[in-house]
Amino acid sequence: MKGQKAIVTGGTRGIGKAIAMALAEQGIDVIITGLNEERANSAAAEIASKGSTCHALRADVSKAKDVEELFKFVTKHFERLDILINNAGITKDNLLLRVKEEDWDAVINTNMKGTYLCTQEAIKMMARQKYGRIVNLSSVVAYIGNPGQTIYSASKAGIIGFTRSVALEYAKRGITVNAIAPGFIKTDMTDRIPEKIKEQILSMIPMGTYGTGKDIAKTVLFLISPDSSYITGQVIHVNGGMFLG
Ligand code: NAD
């Protein structure tokens with residue numbers, strides 16, 4: 001896989017950064033995107049220290065204009081694209097009756113519309129090449145639900161339907177499209193959860209530990225490798241036994 005070209009959206013921290021690091025360790029050149037330019041640049045320097053090229057770009061995946069710029073950046077620096085990891089995601093948690101319309105729009109636009117916009121642009125390049133690997137980040141809550149996460153779980157369930165349909169549209173074109181549904185992974189996103197709720201979540205994990213970004217990164221490495229070339233439209237659950245798909 002050395003020399004392949006990848007985008008990891010939201011690759012500036014957490015799971016996305018762990019994925020970008022793992023790709024770089026394989027000699028894959030990476031573009032990471034995020035909302036904070038300074039953080040993106042410092043993450044890119046760290047990722048590049050693994051020996052491959054890493055560029056950072058501030059791009060909001062929920063904005064078509066930013067995604068267009070991102071793919072111009074890809075053409076300029078890489079000319080081709082082998083791998084797209086749709087990782088950028090946010091939560092705006094609240095009980096249904098307290099959910100505000102702007103929170104609904106923000107989460108759906110980042111998690112779902114962002115995945116659609118990036119995939120649509122990537123597919124144009126991948127279809128020409130007759131090769132591509134797309135991995136979308138869903139979540140265990142798409143399957144089991146979670147009080148207070150109505151918008152987030154809707155967005156992550158939507159990603160699964162999207163993944164399956166794109167996989168079918170491009171199955172004959174050398175492009176595989178799969179999703180990963182992580183359970184509870186320790187990152188900035190989950191650090192915000194109150195300790196009491198974290199303890200409750202831990203009690204729901206049969207393996208008794210939280211997952212790490214590396215657990216997700218290793219699954220991504222499998223899904224982009226030749227070992228998984230006959231796998232498309234699937235969801236891989238990485239959750240310590242929290243939900244059995
Ligand atoms: P995080 O909050 O630590 O990082 C999210 C990243 O996405 C950041 O780099 C941020 O800059 C970027 N981002 C947010 N909005 C963006 C936008 N509009 N445009 C571009 N980039 C944007 O989150 P994480 O825990 O590393 O989660 C990564 C992905 O995995 C998300 O899609 C999340 O929903 C999913 N996930 C996480 C967990 C978990 O337990 N941490 C579980 C299931 C699924």
Side-chain angles (χ1 to χ4, degrees), residues 7-22 30-44 46-47 56-70 73 84-93 103 105-118 135-146 149 151-160 162-163 179-193 197-198 201-202 204-205 209-217 219-220 235-240 242-243 245:
I7 297 176
V8 182
T9 67
T12 64
R13 69 179 194 203
I15 293 173
K17 188 173 166 195
I19 294 170
M21 297 279 256
V30 190
I31 291 173
I32 56 166
T33 72
L35 295 177
N36 181 319
E37 193 162 5
E38 210 176 304
R39 194 191 307 130
N41 287 333
S42 101
E46 205 182 321
I47 294 160
L57 184 73
R58 206 214 82 89
D60 181 342
V61 295
S62 69
K63 304 249 171 7
K65 189 98 198 59
D66 282 21
V67 173
E68 218 176 279
E69 289 304 318
L70 166 63
F73 192 80
L84 169 67
I85 313 296
N86 281 309
N87 165 81
I90 57 168
T91 58
K92 297 246 178 227
D93 298 345
D103 294 342
D105 289 344
V107 174
I108 297 295
N109 285 347
T110 300
N111 299 6
M112 277 180 74
K113 186 179 166 194
T115 297
Y116 140 67
L117 288 172
C118 292
V135 180
N136 299 327
L137 269 290
S138 177
S139 169
V140 68
V141 301
Y143 289 83
I144 63 176
N146 197 17
Q149 287 202 311
I151 333 173
Y152 182 72
S153 26
S155 75
K156 292 295 175 180
I159 284 172
I160 293 167
F162 179 78
T163 299
I180 297 175
F184 190 100
I185 310 298
K186 217 180 154 340
T187 65
D188 289 349
M189 184 182 267
T190 46
D191 282 348
R192 289 196 300 265
I193 298 172
I197 297 185
K198 278 200 247 184
I201 296 172
L202 194 58
M204 291 162 60
I205 305 173
T209 52
Y210 302 130
T212 65
K214 279 192 180 162
D215 293 316
I216 307 304
T219 312
V220 167
V235 184
I236 313 283
H237 295 273
V238 184
N239 60 26
M242 194 176 174
F243 167 75

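All ligand and atom numbering here is 1-based and tracks the order in the structure. All values below come from the heavy atoms of this structure, side chains included, with hydrogens, waters and symmetry mates left out.
- Not counting sequence neighbours, the partners of Phe184 by the ring pair (Phe, Tyr, Trp, His ring centres under 6.0 Å) test are Tyr210.
- For Asn239, the side chain to side chain donor-acceptor pair (under 3.5 Å) criterion is met by no residue, not counting sequence neighbours.
- Of the possible donor and acceptor atoms, one in the side chain of Thr9 sits under 3.5 Å from a partner among the backbone N and O of Asn87.
- Residues with a heavy atom under 4.0 Å from ligand 1: Gly10, Thr12, Arg13, Gly14, Ile15, Gly34, Leu35, Ala59, Asp60, Val61, Asn87, Ala88, Gly89, Ile90, Thr110, Leu137, Ser138, Ser139, Tyr152, Lys156, Pro182, Gly183, Phe184, Ile185, Thr187, Asp188, Met189, Thr190.
- How far CD1 of Ile180 is from OG1 of Thr219: 5.0 Å, rounded to the nearest 0.5 Å.
- A 4.5 Å side-chain heavy-atom check between Tyr143 and Val235 finds at least one atom pair inside the cut-off.
- Under the salt bridge (Lys or Arg N to Asp or Glu O under 4.0 Å) criterion, Asp215 pairs with no residue at all, not counting sequence neighbours.
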